2 protein chains.
Amino acid sequence: MEPIAEKKRAIFESTLKLVRENGFHGTPMSMVAKHAGVAAGTIYHYFGSKDQLIGELFTYVQQQVIAVIKKENCETISFKACFFNLWFGLYSFYRENPEVLKFFEQFVNSPYNTARPSPEQDELHELLSTFFERGIREEQLKPIGTNVLGTLMHSNIISTVRLVSSGWLVLERKELELIPQIFWDGMQRTN
Amino acid sequence: MEPIAEKKRAIFESTLKLVRENGFHGTPMSMVAKHAGVAAGTIYHYFGSKDQLIGELFTYVQQQVIAVIKKENCETISFKACFFNLWFGLYSFYRENPEVLKFFEQFVNSPYNTARPSPEQDELHELLSTFFERGIREEQLKPIGTNVLGTLMHSNIISTVRLVSSGWLVLERKELELIPQIFWDGMQRTN
DNA sequence: TACTTCCAATTGAATGTTCATTCGGTCTGC
DNA sequence: GCAGACCGAATGAACATTCAATTGGAAGTA
């Protein structure tokens, strides 16, 4: 809505970076304060508690991912082309923002993440579902729920990023393209 | 090697259960002690520190997963049948042991997980790689590294379990079978 | 312009709590 | 009577959170 206060953004970014490096528990508020260049008390001017800070940061970060999806989800090109664009769009985003991916994964599996919304209420998964609805309409896909497809695609991307970002292996562009290709081919109705 | 002491096993199981419910940081040693029916000091008889306890618990739990893989990895049936057995074997294990999955995911994304071994040194991923080597040998699969296939399969299973265990949606057996089927079909060489 | 008022933004030292860890001592089987 | 297993109160450090005090600038007043 309104632009985020500079201090608030600095607190977000510092928390993101520090949580990536040290985890939630290795990141005391005092450390966030120092890194963000504010006093400890200032954080509490913007956020009620550490839990609230983490929770709001999650929303902040989720919006970035949602922006990527919206950007790539284009009706004027073929569904297939759009699928690959979306796959690579998300891949690149996570690849270039490893702290986002790390925070995301830590958050999802943490007790901060209480009352996780169902996929219908979660804007990110809803967008992915909607995306696949078009595929169901236009292509010969296997009869699988769109929310299943959305989740599988997302986890497919994330595990690929983890693999590459960890440095375990280096993938040429050609090899990398095989990964969404597996998913694409697998979705097609075969009988 | 040698059978684990009863107290030690109790500490493992209590930690597993409590970490699932409260996360690493919501699980003080005093709570583990009480739940396991031992004194706080006893834990330090078996483990040097909380970090060490968590680390050893990871190994303990990983061995359970490895046992599942070894059990299902059978050379006397077709690779395809074996693939589906393995998929459902791991699926069922995580489904029946949600605390293992939760602990796993929390651990992997936490700072406890320093010096994560490369897939070649990680027995779990090595087993999956070896499994797919047979597939490469016997089947017409796309030219993708076995470690990539292993990772993708594992994440495919895990995200399916999460989806089902969260209660977001209920899958009939027929629908559930479509998920490994996607992966199987996708791996096949298509040209 | 000069002066006052007011309040949100900001500070950081102080507080109180929550743990991980220690250690002197007890128990048990040999 | 020894040695390892076990106990649990005590210790001390780390941390989230509070709050009394300070700042700075926007609006009001004359």
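Quick caveat, the model's predicted, so the values are computed rather than measured. Chain naming here is simple, since letters A, B, ... match the order of the sequence lines and numbering starts at 1 in each. Hydrogens, waters and symmetry mates play no part in the numbers below; they use all other heavy atoms, side chains included.
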For this session: Return the orientation label for the B:F183 and B:F132 ring planes: parallel under 30°, perpendicular over 60°, tilted otherwise.
Result: perpendicular
Exercise. Under 30°, 30 to 60°, or over 60°: which ring-plane class applies to A:F88 and A:Y91, parallel, tilted or perpendicular?
Worked result: perpendicular
Exercise. Do the two ring centres, one from B:F104 and one from B:F58, sit under 6.0 Å apart?
Worked result: yes
[N] [atom2] sits how many Å from [X] [atom1], rounded?
| X | N | atom1 | atom2 | answer |
| --- | --- | --- | --- | --- |
| B:D51 | C:dT21 | CG | C1' | 12 Å |
| A:I43 | D:dA16 | CD1 | P | 9 Å |
| A:M29 | C:dT11 | CE | P | 14 Å |
| A:F47 | D:dA16 | CZ | C1' | 15 Å |
| A:Y44 | D:dA16 | OH | P | 6 Å |
| B:Q52 | C:dA20 | CD | C1' | 14 Å |
| A:L18 | D:dC15 | CG | C1' | 15 Å |
| B:I11 | C:dA20 | CD1 | P | 14 Å |

Problem set entry | Proximity to the side chain of A:V38 - top-ranked nucleotide from D:dC7, C:dT11, C:dA20 | C:dT11
Seminar exercise, completed: Out of C:dT11, C:dT21, D:dC7, minimum distance to the side chain of B:K7 belongs to D:dC7
OP1 or OP2 of [N] less than 4.0 angstrom from a side-chain nitrogen or oxygen of [X], does that happen here?
| X | N | result |
| --- | --- | --- |
| B:K50 | C:dT21 | no |
| B:H45 | D:dA5 | yes |
| B:T42 | D:dC7 | yes |
| B:Y46 | D:dC6 | yes |

Exercise. For B:K17, does the NZ atom have more than 12 heavy-atom neighbours from other residues, nucleotides or ligands under 6.0 Å away?
Worked result: no
Exercise. Ion pair present between A:R134 and A:E139, side-chain N to carboxylate O less than 4.0 angstrom?
Worked result: no
For this session: For A:G41 and for B:A39, locate the closest nucleotide of DNA chain D by heavy-atom distance; then report the residue assigned to the nucleotide nearer the 5' terminus.
Result: B:A39
